[in-house]
Amino acid sequence: MKIIGTGRMHPSKVVTNQMLEQFLDTSDEWIKERTGIAERRLISSEHLEDMAAEAARQAIEDANLTPADIDYIICSNVVNEYITPSLSCIIQGAIGAKCACVDVNAACSGFIYALDMADDRIRSGKAKNVLVLGAEEPTRMVDWSDRSTCVLFGDGAGAVVVTEGEGMLASRLTTVSKTDCLYYKRRLEPTPYITKEEEFGPMYMNGREVFKTAVLSSARDISTLLKQTGLQPSDIKYYVLHQANMRIIEAIASYLKLDMSYFPHNVDRCGNTSSASVALMLDELSRGGKLEKGDKILLSAFGAGFTTGAAIFEWTK
Ligand code: COA
């Protein structure tokens, strides 16, 4: 398959580190030094499904298609206001498409899982044009009095349209069940019959453990894909990595012995937008005129699970 259109939508509310200093025991200096984040965009009056629908419309228009041409929608999402129906189903109605839809949750790696599923769908001949989204509001999972997590996240929605073609050169997905270092258990409605103890509360994260696992697993995925395709690290124009922490991106750059010009980033302006981050970055690159036909880009993400996803694309647009 190949990518033929991209789109993105950020929430309007910009929250700077200085704004967080007003109610948290934190500082602009600490946040910038440990994460590279200066500000993030947070949902305030918006609904995630509306933002996702707008990103979808942009991607479809960019692909020179209409919603009627889309024959499958896959939306990567961890949390939103609805448990059911799926976000993709709501997006389908909002944009006026008619196809089957499904959401996937592979945490921050989900957009790459969704792309891989779209590739399968296209290869099997069951779909021609697939709309793939990463739409996330991780800021609704964290405790806003916990400085170790709430400063890290931002919200957003990114979309691509993929179709039959020779753009995706390789992909790799991995999952290792390691559920104790990053999780969020939400409260379910009680029934008269529940007798078990149930825990719920905001997101728990062991930041150091996640940091180490993220660097090691992303470096491993990148090496594997480069080897598989016979490419050298410098043959890739851009490494579009999950935007969790600037220090994670710098550690991967140093592992590959490449300078930071290979690593576009938005974490400084958007925070960690979970599985939306790679999709947002792709649209920023494409609309910013940074990608030319024939460029090779490598996507790599990691997230709760622990999951990882990576893919190499040749830009064909
Ligand atoms: N402001 C000021 N101090 C803070 C702080 C904040 N926002 N958050 C934590 N601290 C403090 C801690 O309380 C700790 O203080 P102590 O030494 O007195 O106990 C100190 O800073 C160091 O904390 P530590 O957790 O060791 O910092 P770190 O260098 O590991 O950075 C993260 C913390 C969360 C930024 C970093 O571990 C990280 O980015 N991990 C990966 C997270 C991630 O990517 N998650 C999403 C995966 S999809």
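Remember, it's 1-based here, ligands and their atoms both numbered in the order they're listed.
- In the displayed structure, Lys317 atom NZ is contacted under 6.0 Å by more than 12 heavy atoms of other residues, nucleotides or ligands.
- Side-chain contact between Ile249 and Gln243: present, with at least one pair of heavy atoms (C-beta onward) separated by less than 4.5 Å.
- Close approach of ligand 1 to Asn272 is summarised as follows: ligand atoms under 4.0 Å from at least one heavy atom of the residue are 46 (C), 48 (S).
- For ligand 1, the polar-atom distance check finds an N/O of Gly207 within less than 3.5 Å of one of the ligand's N/O atoms.
- Considering backbone and side-chain atoms alike, Asn245 places an N or O below 3.5 Å from some N or O of ligand 1.
- Side-chain N or O atoms of Ser124 include one that pairs as donor or acceptor with a backbone N or O of Arg121 at under 3.5 Å.
- Heavy-atom contacts of Ala244 reach the following atoms of ligand 1: 44 (O) (cutoff under 4.0 Å).
- For the atom pair Leu20 CG and Glu39 CD, the distance stands at 11.0 Å (nearest 0.5 Å).
- With values rounded to the nearest 0.5 angstrom, Leu115 atom CG is found 6.0 Å from Met168 atom CE.
- For atom 29 (O) of ligand 1, the nearest protein heavy atom lies closer than 4.0 Å.
- Close approach of ligand 1 to Cys108 is summarised as follows: ligand atoms under 4.0 Å from at least one heavy atom of the residue are 48 (S).
- Protein heavy atom at the shortest distance from atom 11 (C) of ligand 1 is Arg147 NH2, 3.6 Å.
- For atom 37 (O) of ligand 1, the protein comes within 4.0 Å by at least one heavy atom.
- Between Arg208, Arg247, Glu209, it is Arg208 that holds the heavy atom closest to atom 26 (O) of ligand 1.
- Heavy atoms of Leu24 found under 4.0 angstrom from ligand 1: none, in either backbone or side chain.
- Protein heavy atoms come within 4.0 Å of atom 43 (C) of ligand 1.
- Nearest to atom 45 (N) of ligand 1 among the protein's heavy atoms is Met205 SD, 3.2 Å.
- The atoms of ligand 1 that sit less than 4.0 Å from any heavy atom of Thr35 are 35 (C).
- For ligand 1, the atoms sitting less than 4.0 Å from at least one non-hydrogen atom of Val210 are 43 (C), 45 (N), 47 (C), numbered in the order shown with element in parentheses.
- Atom OH of Tyr239 sits about 6.0 Å away from atom CG of Leu298, to the nearest 0.5 Å.
- Taking 4.0 Å as the cut-off between side-chain N and carboxylate O, Arg247 and Glu250 do not count as a salt-bridged pair.
- Within the 4.0 Å heavy-atom cutoff, Ile248 counts among the residues contacting ligand 1.
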Residue pair Asp69, Thr66: steps toward the side-chain hydrogen bond (donor to acceptor under 3.5 Å, both in side chains) verdict: CA-CA 5 Å; Asp69 299 316; Thr66 67; 3.2 Å; yes
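- Contacts between Thr26 and ligand 1 below 4.0 angstrom, taking non-hydrogen atoms only, involve backbone and side chain alike.
- Annotation: salt bridge (Lys or Arg N to Asp or Glu O under 4.0 Å) contacts of Lys2 (sequence neighbours excluded): none.
- Between Asp235 and Lys296, none of the side-chain N atoms (NZ, or NE/NH1/NH2) sits under 4.0 Å from a carboxylate O, so this pair counts as no salt bridge.
- Considering backbone and side-chain atoms together, Arg34 places an N or O closer than 3.5 Å to an N or O of ligand 1.
- There is no protein heavy atom closer than 4.0 angstrom to atom 16 (P) of ligand 1.
- Checking Trp30, Phe302, Phe153 against atom 33 (C) of ligand 1, the nearest heavy atom belongs to Trp30.
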Test side-chain hydrogen bond (donor to acceptor under 3.5 Å, both in side chains) applied to Ser171 and Asp116, step by step: CA-CA 7 Å; Ser171 70; Asp116 197 75; 2.6 Å; yes
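- Checked against side chain to side chain contact (heavy atoms under 4.5 Å, CB included), Glu284 has the following partners two or more places apart in sequence or in another chain: Arg8, Asn266, Arg269, Met281.
- Under the 4.0 Å distance rule, the nearest protein heavy atom to atom 47 (C) of ligand 1 falls inside the cut-off.
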